[in-house]
Peer 1: 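If you scroll down you'll find the structure; I have some questions about it.
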Amino acid sequence: MLKPVRNHSWDLEPRDAIALQTELAGQLVFAPPPAEIELVAGVDVSMRRGVARAAVVVMTMPELHEQERVCADAPIAYPYVPGLLTFREAPTILQALERLEHLPDLLMFDGQGYAHPRRMGLASHIGVLLDHPTVGCAKSRLCGTYKEPPRERGAYTHLYDGDEVIGAVVRTRTGVKPVFVSAGHRMTLDAAIELVLACGKGYRLPEPTRWAHRAAAQTGA
DNA sequence: GCGACAG
DNA sequence: ATCTTGTCGC
């Protein structure tokens, strides 16, 4: 249902991968997303025992009721290299997205978008390949400088690369670690911030992973 | 040369 | 991201 309008090899040496990112950056479209967003998709990938598993959950907006969920597995075929995360996760993500029966108006990723050394983080890259609106929502900083935002939910500060604003550090929940928001493709930073806050469940407090796994196992997840 | 470094 | 026990801090 959701397939790339263009494609390329993912088996690239860092040097070529970097060149591709720079080239694709020139195709980024910076524009407001659709005014009416009814379906939002959250995308993430787990790396377990040599297997990459991408999960996509489509939810209604603004109720955030689950509409659909799909997964895709694939052998891990690329190492983690700061700045090249896309080459490690994208192949599996694209496979999962093709299994979607519904067409989300927006895709949100656990990673950077424009806030990337070459302005081509995971969210932007996949957005360009799909030519679909995307937002990058990372748990930590890849590049750029910023001041800690006020502790209240909704507060944020800009993330800079020199004089350019490349993203924002957003407080989705009062007193909790902020997230790093940046525009993906066919998106603006302001819209991205607004959308992330609209998906108001917020950031989850860290909890012992072994307990989470245990709970997941009992639920059959 | 020494750090920093999405997940 | 994942592995993995005890331990430090509020």
Side-chain angles (χ1 to χ4, degrees), chain A residues 10 12 14-15 17-18 20-22 24-25 28 42-57 71-97 107-129 134-146 148 151 156 158-162 165-170 172-185 187 189 192-193 196 203-217 221:
Chain A
W10 292 105
L12 301 177
R15 164 180 183 143
I18 288 174
L20 176 59
Q21 291 183 322
T22 300
L24 290 177
L28 258 191
V43 185
D44 198 8
V45 181
S46 74
M47 298 295 202
R48 294 284 291 188
R49 300 167 44 187
V51 175
R53 170 169 294 177
V56 180
V57 176
C71 278
D73 287 352
I76 296 177
Y78 206 88
Y80 168 67
V81 180
L84 299 181
L85 176 66
T86 307
F87 293 82
R88 181 175 168 81
E89 303 193 338
T92 316
I93 289 175
L94 292 175
Q95 194 179 317
L97 291 175
L107 266 32
M108 288 189 40
F109 296 85
D110 183 357
Q112 311 291 348
Y114 190 77
H116 178 277
R118 292 166 292 282
R119 308 293 183 263
M120 211 9 82
L122 177 69
S124 295
H125 196 134
I126 291 184
V128 168
L129 295 186
T134 61
V135 167
C137 186
K139 298 184 295 300
S140 63
R141 179 196 74 99
L142 171 59
C143 62
T145 58
Y146 66 96
E148 199 68 18
R151 71 189 300 284
Y156 69 85
H158 284 328
L159 177 62
Y160 294 92
D161 181 356
V165 175
I166 60 175
V169 188
V170 185
T172 55
R173 292 182 67 180
T174 299
V176 173
K177 185 160 83 85
V179 294
F180 295 73
V181 179
S182 57
H185 179 58
M187 181 63 54
L189 177 57
I193 294 173
V196 167
Y203 184 77
R204 293 198 173 188
L205 266 5
E207 62 182 88
T209 54
R210 51 175 175 276
W211 297 350
H213 285 320
R214 195 162 192 285

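Throughout, protein chains are lettered first and strands after them, A, B, ... in sequence-line order, and every chain is numbered starting at 1.
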Peer 1: Below 6.0 angstrom between ring centroids: does that apply to A:F87 and A:H125?
Peer 2: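 Centroid distance A:F87-A:H125: below 6.0 Å, so yes.
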Peer 1: In whole angstrom, what separates A:Y78's OH from B:dA6's P?
Peer 2: 16 Å
Peer 1: I want to verify a distance call: between C:dC3, C:dA1, B:dA6, whose nearest atom is closest to the A:M47 side chain?
Peer 2: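 The nucleotide sitting nearest to the side chain is C:dA1.
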Peer 1: Separation of A:M120 atom CE from B:dA6 atom P, in whole Å?
Peer 2: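 After rounding, the reported distance stands at 18 Å.
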Peer 1: Indicate, with a heavy-atom threshold strictly under 4.0 Å, whether A:I93 touches base, sugar-phosphate, or nothing.
Peer 2: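 The residue A:I93 makes no contact with any strand.
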Peer 1: Output the rounded distance in Å from CZ (A:R53) to C1' (C:dT2).
Peer 2: 15 Å
Peer 1: Taking only N and O in the side chain of A:K139, is any of them less than 4.0 Å away from OP1 or OP2 of B:dG7?
Peer 2: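 Indeed, a polar side-chain atom of A:K139 lies that close.
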Peer 1: Quick one: are A:R119 and A:I166 in side-chain contact, heavy atoms under 4.5 Å?
Peer 2: yes
Peer 1: Of all the choices, B:dA6, C:dA1, B:dA4, which nucleotide is nearest to the side chain of A:P82 once you look at every atom?
Peer 2: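 Closest of the options to the side chain of A:P82: B:dA6.
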Peer 1: Students often mix this up, so state it plainly: with edges at 30° and 60°, are the rings of A:H158 and A:Y156 parallel, tilted or perpendicular?
Peer 2: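 The arrangement is tilted - the two ring planes meet at 30° to 60°.
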Peer 1: A:F87 has an atom CZ; how far is it from atom C1' of B:dC5, in whole Å?
Peer 2: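 Value for this atom pair: 17 Å.
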Peer 1: I need the minimum non-hydrogen distance between A:A55 and A:C71, along with the two atoms involved.
Peer 2: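 So the two residues come closest at CB-SG, 4.0 Å.
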Peer 1: What integer distance in Å separates A:D110:CG from C:dT2:C1'?
Peer 2: 14 Å
Peer 1: Over how many whole Å does the gap from A:E89 atom CD to B:dG7 atom P extend?
Peer 2: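 Result: 9 Å.
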Peer 1: Name the nucleic acid region contacted by A:R49, choosing base, sugar-phosphate or nothing; use a 4.0 angstrom heavy-atom cut-off, strictly under.
Peer 2: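 Since no nucleic acid heavy atom lies under 4.0 Å of A:R49, the category is nothing.
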Peer 1: Should the heavy atoms of other residues, nucleotides or ligands under 6.0 Å from CZ of A:R53 be counted, would the total exceed 12?
Peer 2: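 Count not over threshold, so no.
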Peer 1: Would you indicate which nucleotide in C:dC3, C:dA1, B:dA6 comes nearest to any side-chain atom of A:S140?
Peer 2: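 Of the options given, the side chain of A:S140 lies nearest B:dA6.
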Peer 1: Could you work out which one of B:dA6, C:dT2, B:dG7 sits closest to the side chain of A:L142?
Peer 2: B:dA6
Peer 1: Are C:dA1 and A:Y80 stacked, with the base six-membered ring and the side-chain ring centres under 5.5 Å apart and planes under 30°?
Peer 2: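 Stacking between A:Y80 and C:dA1: absent.
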Peer 1: Please classify the nucleic acid contact of A:G136 as base, sugar-phosphate, or nothing, using heavy-atom distances under 4.0 Å.
Peer 2: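 Nothing: the residue A:G136, judged by heavy atoms under 4.0 Å, touches no strand.
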Peer 1: Calculate the interatomic distance between A:I166 atom CD1 and B:dA6 atom C1'; express it in whole Å.
Peer 2: 12 Å
Peer 1: B:dC5, OP1 or OP2 - any side-chain N/O from A:R141 closer than 4.0 Å?
Peer 2: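 So the side-chain polar atoms of A:R141 do come within 4.0 Å of the phosphate oxygens OP1 or OP2 of B:dC5, strictly under.
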Peer 1: Can you measure A:Y146 atom OH to B:dA6 atom C1' for me and round it to whole angstrom units?
Peer 2: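 In whole Å, B:dA6 C1' and A:Y146 OH are 13 Å from each other.
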